[in-house]
Amino acid sequence: MNHHQTLAKNYGAPAFNAVRGDGLYLYDESGKRYLDFGSGIAVTSVGHSHPKWVHAVQAQAANLVHCSNLYGIPGQQKLADRLVAKAGPGRVLFCNSGAEANEALLKLARLHGKQRTSEEGKRYTVIGAENAFHGRTFGGMAATPQEKIQGGFRPMLDGFKFGQLNRIESFDRLVDDSVAAVFIESIQGEGGIFPAEPGFLRELRALCTERNALLMLDEVQCGIGRSGHFFAYEASGILPDAIGMAKGLGGGFPIGAIWVAEAYAELFQPGSHGTTFGGNPLACAAANAVLDIIEEEELLEKVRANSATWHQDIQTLANKHSEHIAGIRGAGYMVGLALKPEGLNLKIANAAREKGLLVVPAGQNTLRMLPALTANPEQLSEAVAILDEAFANVER
Ligand SMILES: *Cc1c(COP(=O)(O)O)cnc(C)c1O
């Protein structure tokens with residue numbers, strides 16, 4: 001398809017118009033059905049139009065959609081309690097997207113730096129990781145050291161430096177007195193599914209504690225159960241100082257949030273930050289429904305159990321097509337296939353789509369699979385079978 005004549009051209013031309021979703025399936029205008037292993041980029045965490053989610057959103061819409069943060073919102077308070085129960089003692093601030101969550105984290109870092117030096121503008125450097133992605137706002141772009149993101153929009157926001165993921169020495173060198181925070185994804189998503197190793201996260205935790213820098217984790221893509229843990233960093237046993245989340249949290253309804261550990265939770269005081277829509281009743285009803293479904297259907301346990309077999313199937317696929325699959329990375333329902341030669345990820349994604357499977361290309365020639373947490377073993381093996389055909393096609 002071409003670009004629609006009145007839509008901005010910031011996205012690529014779409015392959016089809018999507019008109020309906022049902023569980024793991026997405027349907028186009030012609031009625032063709034796709035097994036959706038993209039989930040709107042890790043967003044529809046409990047599948048499309050889960051009946052329980054639909055009911056919660058419809059009931060809330062009929063009752064109260066929006067009232068602003070001038071008034072208390074019981075669903076927001078409940079959601080904050082639930083996120084604190086998962087992350088640890090602290091406070092939660094709501095917003096509407098991943099970029100906004102990260103923006104709030106970057107503002108938290110500035111407040112922390114000011115408090116450390118009792119002077120504004122002295123300690124504000126944020127150390128990120130090469131190959132990261134943190135969103136498209138000026139803060140998010142500055143934290144995303146990639147020409148394809150920053151190009152055309154310079155000058156960037158000042159005060160960002162970058163270490164190499166899983167190379168503690170490279171962070172050790174950068175975290176000095178000017179640094180307010182270290183900010184990384186627990187599993188890099190857009191960059192090509194590169195997990196921060198548990199040992200690295202533990203060393204980074206110790207480094208940040210020693211030098212009084214906040215450890216802030218971007219869990220926008222890897223969080224909310226995708227890795228098989230509610231937050232992906234849990235596999236390492238560490239506790240971060242702040243967490244950004246969004247994508248899967250609302251199950252398709254826009255909502256973002258940051259959690260801030262108790263020790264830093266007083267940095268945001270009345271008037272210091274805010275957003276009109278953040279945590280409105282409808283968004284919180286959607287997110288509370290997502291958490292209900294994750295708990296009631298024991299989705300974390302299922303993701304972990306199903307992944308064991310699924311990852312083995314993917315390994316078998318990789319062995320069979322070793323000429324084109326160079327490696328497998330990820331955790332749980334967040335898997336990246338490293339492909340060769342360059343550009344094959346786009347070709348395979350297109351071939352798979354023709355055959356009724358949606359997967360998403362990512363950086364470094366990676367093919368990304370991000371099925372809903374409700375994906376069952378049959379759907380997981382069907383996706384591998386379709387990929388097998390797609391690889392066989394390009395090999396022919
Ligand atoms: C998608 C993403 C963002 C940006 O979220 P938006 O909702 O698109 O603004 C930030 N960080 C990570 C890790 C992401 O995957």
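Both counts, for ligands and for their atoms, begin at 1 and track the order of listing. In what follows, every heavy atom counts, from backbone to side chain, and hydrogens, waters and symmetry copies are set aside.
- Close approach of ligand 1 to K247 (heavy-atom distance below 4.0 Å) involves ligand atoms 1 (C), 2 (C), 3 (C), 14 (C), 15 (O).
- Within a 6.0 Å radius of CD in Q315, more than 12 heavy atoms belonging to other residues, nucleotides or ligands are found.
- In the displayed structure, Q115 atom CD is contacted under 6.0 Å by at most 12 heavy atoms of other residues, nucleotides or ligands.
- The ring of W310 has its center closer than 6.0 angstrom to the ring center of Y333.
- Near S97, the atoms of ligand 1 lying under 4.0 angstrom from a non-hydrogen atom of the residue are 7 (O), 9 (O).
- Geometrically, R353 does not engage Y34 in a cation-pi contact, judged by NZ or CZ lying under 6.0 Å from the ring centre and within 45° of the ring axis.
- Only the backbone of H134 comes within 4.0 Å of ligand 1, judged by heavy-atom distances.
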Taking only distance into account, with no hydrogens and no angle test, what donor-acceptor pairs under 3.5 Å do side-chain atoms of residues 9-22 form with protein atoms, sequence neighbours excluded?
residue : atom : partner : partner atom : Å
N17     : ND2  : E29     : OE1          : 3.3
N17     : ND2  : E29     : OE2          : 3.3

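- Within the 4.0 angstrom cut-off, atom 5 (O) of ligand 1 has one or more protein heavy-atom neighbours.
- Closest protein heavy atom to atom 11 (N) of ligand 1: D218 OD2, 2.8 Å.
- Heavy-atom contacts from other residues, nucleotides or ligands closer than 6.0 Å to CZ of R211 number more than 12.
- When non-hydrogen atoms are compared, ligand 1 lies under 4.0 Å from the side chain of N102 (C-beta onward) but not from its backbone.
- The heavy atom nearest to atom 9 (O) of ligand 1, considering only G256, A99, A132, G140, is found in A99.
- Remark: ligand 1 atoms within the under-4.0 Å shell around heavy atoms of G98 are 4 (C), 5 (O), 6 (P), 7 (O), 9 (O).
- For H48 and Y25, the ring centers sit 6.0 Å or farther from each other.
- Which parts of ligand 1 touch E185 is read off a 4.0 Å heavy-atom cut-off, strictly below it: atoms 13 (C).
- When only interatomic distances are considered, the shortest N/O to N/O separation between Q221 and ligand 1 falls below 3.5 Å.
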